Amino acid sequence: MDVLRARLDDQAYEDAIRYCANSILPMHFGEKLINKIFGRNLQSHAAGLLAVMHCEAELGLGERPTLTRIQAEMGRSRTLSSFFALLRFARFIEAIDHGEDRRAKALLAKPPLLDGLKTWLSHHMTCAEVAGLLPTGSTHRLKSDEEFALRYIAAARLMFDRVREHMANGRDAWSWFDAFDCGDRVALALLRAHYEHPGEQETRWFLLETRQLAERLGISHSHLRNVMNGAEVRGFVLQDRRTHHMALTPQMLDDIRDFHFSFWGWVAETADQVESGRQTAS
C-alpha cells in the first residue's frame, strides 16, 4: 500500500472522511438503545473483543470467549458484567455452558452483533479504499464473502488492541472526544458539518443544531453542550455565542486526520493479513 501517497493526497483524505461521517453517523441516528449499549468506548471495545474471540473459536484458533477471559485482557469491571448482561437481554450474545468449566459460561456472538460490526468495518474499509490504502473491491469481499468476513474479524485483534491503546494513552482530539458517551458520534457530526460548509478551513463557520443532534443520538442536550464547551477549552473548536456558529481548529482537524490515517492503515493491514493467510493455506 502506498501510505505516503495517501498521506500527501488531501483530496483523497477529504473524500474519505466525508464518506466516513456521512455513512457511519446515520447508523446511530434514532438508535437510542444501540447508542446506550455501545456509546461508551469501554463497552464497544469489549464487544469488539468478544466478536474477535468468537470468530477465532469458529475457526479453531482459540477458545470461546467468557467474561473472565475478556476481563483478563481489559481489566475487571462491574461495568463489563452489567454490559454483557445487557447484551444478553438485547439478544446480541448468548451464554452457553462451557465445556471445560461448569462454573463459567461461554459467550456466543449472535448475528445482530456480528452484522453490526461487519457493517461498521465495511464503512471504514471503504474509507481505506478511498484514501488509497486498500485496493478497490476489498469492501465488497467483506460484505459478500462470509469466510473472508469471519477471518477478517478473527484477525482484527491487533487492530482493536491498537485502537484501545491509542484511546487510553492518546492526547489527540479523537481520543478526547471518544472518552465521552457518544463522543465519537459528536466528533463525526462536527466533521460532517465542517466539510459540508464551503470555503477555506479557516473560515468554515457552521451552524450545528445541538438540540436536534442530542435528540437523534438519544443523549441529553446538557451533556452535548458540556462536550462542546470542553472541546473549546481544549482548543479543538471555536464558538461564536452571538451567532451560535462554531468552527473546527487546525489542531482538531490535524489530530483527526492523523488518527484516521493510522486507523485505516490498520484496517488495510488486517485485510492483508487475511489474504496472506489464505495464500499460505492454499
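Quick caveat, the model's predicted, so the values are computed rather than measured.
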Side chains of Lys110 and Leu113: closer than 4.5 Å at any heavy-atom pair? no
Given the rule that I, L, V, M, F, W and Y join up when any side-chain heavy atoms are under 4.5 Å apart, are Met74 and Leu50 in one cluster? yes
Check whether any side-chain heavy atom of His45 sits under 4.5 Å from a side-chain heavy atom of Phe160, and report yes or no. no
With a 3.5 Å distance limit and no angle check, can you tell me whether His123 reaches the backbone of Ile24 through a side-chain donor-acceptor pair? no
Start with the C-alpha gap between Asp172 and Asp258, add the side-chain angles, then the distance that decides, and say whether side-chain contact (heavy atoms from CB on, under 4.5 Å) holds. CA-CA 9 Å; Asp172 60 297; Asp258 289 345; over 6 Å; no
If you compare all heavy atoms of Val186 against all heavy atoms of Met228, which two are closest, and at what distance to 0.1 Å? CG1-CE, 3.8 Å
Is the shortest side-chain N to carboxylate O distance from Glu58 to Arg64 below 4.0 Å? yes
Atom CZ of Arg88: over 12 foreign heavy atoms under 6.0 Å: no
Shortest non-hydrogen separation from Leu134 to Ser138 and the atoms involved: CD2-OG, 3.8 Å
Hey, are the side chains of Gln239 and Asn229 touching, using non-hydrogen atoms and a 4.5 Å cut-off? yes
So, are Asp254 and Arg257 salt-bridged, with charged N and O less than 4.0 Å apart? no
Determine whether Leu253 and Tyr13 fall in the same hydrophobic cluster, where Ile, Leu, Val, Met, Phe, Trp and Tyr are linked whenever their side-chain heavy atoms lie under 4.5 Å apart. yes
For the backbone of Leu80 and the side chain of Gln71, can you confirm whether one donor and one acceptor N or O come within less than 3.5 Å of each other? no
Determine whether more than 12 heavy atoms belonging to other residues, nucleotides or ligands lie under 6.0 Å from atom CZ of Arg91. no
ring-ring contact (aromatic ring centres under 6.0 Å, His included) partners for Phe236, two or more places apart: Trp176
Cationic N near anionic O, under 4.0 Å, Arg69 to Glu73: no
If you define the side chain from C-beta out and look only at heavy atoms, does anything of Leu114 sit under 4.5 Å from Cys55? yes
Would a hydrophobic clustering, with Ile, Leu, Val, Met, Phe, Trp and Tyr connected at side-chain separations under 4.5 Å, put Leu117 with Met125? yes
Go through Tyr152 and Gln273 one step at a time and tell me if the side-chain contact (heavy atoms from CB on, under 4.5 Å) criterion holds. CA-CA 8 Å; Tyr152 187 92; Gln273 180 182 340; over 6 Å; no
To the nearest 0.5 Å, atom CG of Leu190 lies from atom CG of Leu208 at 6.0 Å
For the residue pair His124 and Trp120, categorise the inter-ring angle as parallel (less than 30°), tilted (30 to 60°) or perpendicular (more than 60°). perpendicular
Chi angles and distances behind the side-chain contact (heavy atoms from CB on, under 4.5 Å) call for Phe263, Arg162: CA-CA 9 Å; Phe263 176 55; Arg162 285 169 165 173; over 6 Å; no
Do Thr210 and His221 come within less than 4.5 Å of each other through their side chains, counting heavy atoms only? yes
Given 3.5 Å as the limit, does a donor-acceptor pair link the side chain of Ser175 with the main chain of Arg171, or not? no
Give me the atom names and distance for the closest heavy-atom approach of Val52 to Ile153. CG2-O, 3.3 Å
Is there a donor-acceptor pair closer than 3.5 Å between any side-chain N or O of Thr249 and the backbone N or O of Gly235? yes
When you look at Asp15 and Arg18, which way does the salt bridge (charged side-chain N to carboxylate O under 4.0 Å, His left out) test go after all the steps? CA-CA 5 Å; Asp15 290 344; Arg18 279 176 180 269; 5.1 Å; no
Near Arg211 CZ, under 6.0 Å, is it more than 12 heavy atoms from other residues, nucleotides or ligands? no
Do Phe206 and Leu188 share a hydrophobic cluster, counting only Ile, Leu, Val, Met, Phe, Trp and Tyr and linking them when any side-chain heavy atoms are less than 4.5 Å apart? yes
How would you list, by chain and number, every residue that makes a side chain to side chain contact (heavy atoms under 4.5 Å, CB included) with Glu165, sequence neighbours excluded? Asn169
Between Ile70 and Pro65, the two heavy atoms sitting closest are CD1-CB, 4.4 Å
For the backbone of Arg185 and the side chain of His28, can you confirm whether one donor and one acceptor N or O come within less than 3.5 Å of each other? no
Any side-chain heavy-atom pair of Lys105 and Leu67 under 4.5 Å: no
NE2 of His140: more than 12 outside heavy atoms within 6.0 angstrom? no
Within the 4.5 Å heavy-atom criterion, are Leu107 and His54 side-chain neighbours or not? no
Parallel under 30°, tilted from 30 to 60°, perpendicular over 60°: which one fits the rings of Phe259 and His166? tilted
Could you tell me whether the side chain of Phe177 reaches within less than 4.5 Å of the side chain of Asp184, counting heavy atoms only? no
In terms of heavy-atom contacts, Leu213 and Ala189 come closest through CD2-CB, 3.7 Å
Give the intermediate values and the outcome of side-chain contact (heavy atoms from CB on, under 4.5 Å) for residues Thr119 and Lys143. CA-CA 8 Å; Thr119 298; Lys143 291 180 176 180; over 6 Å; no
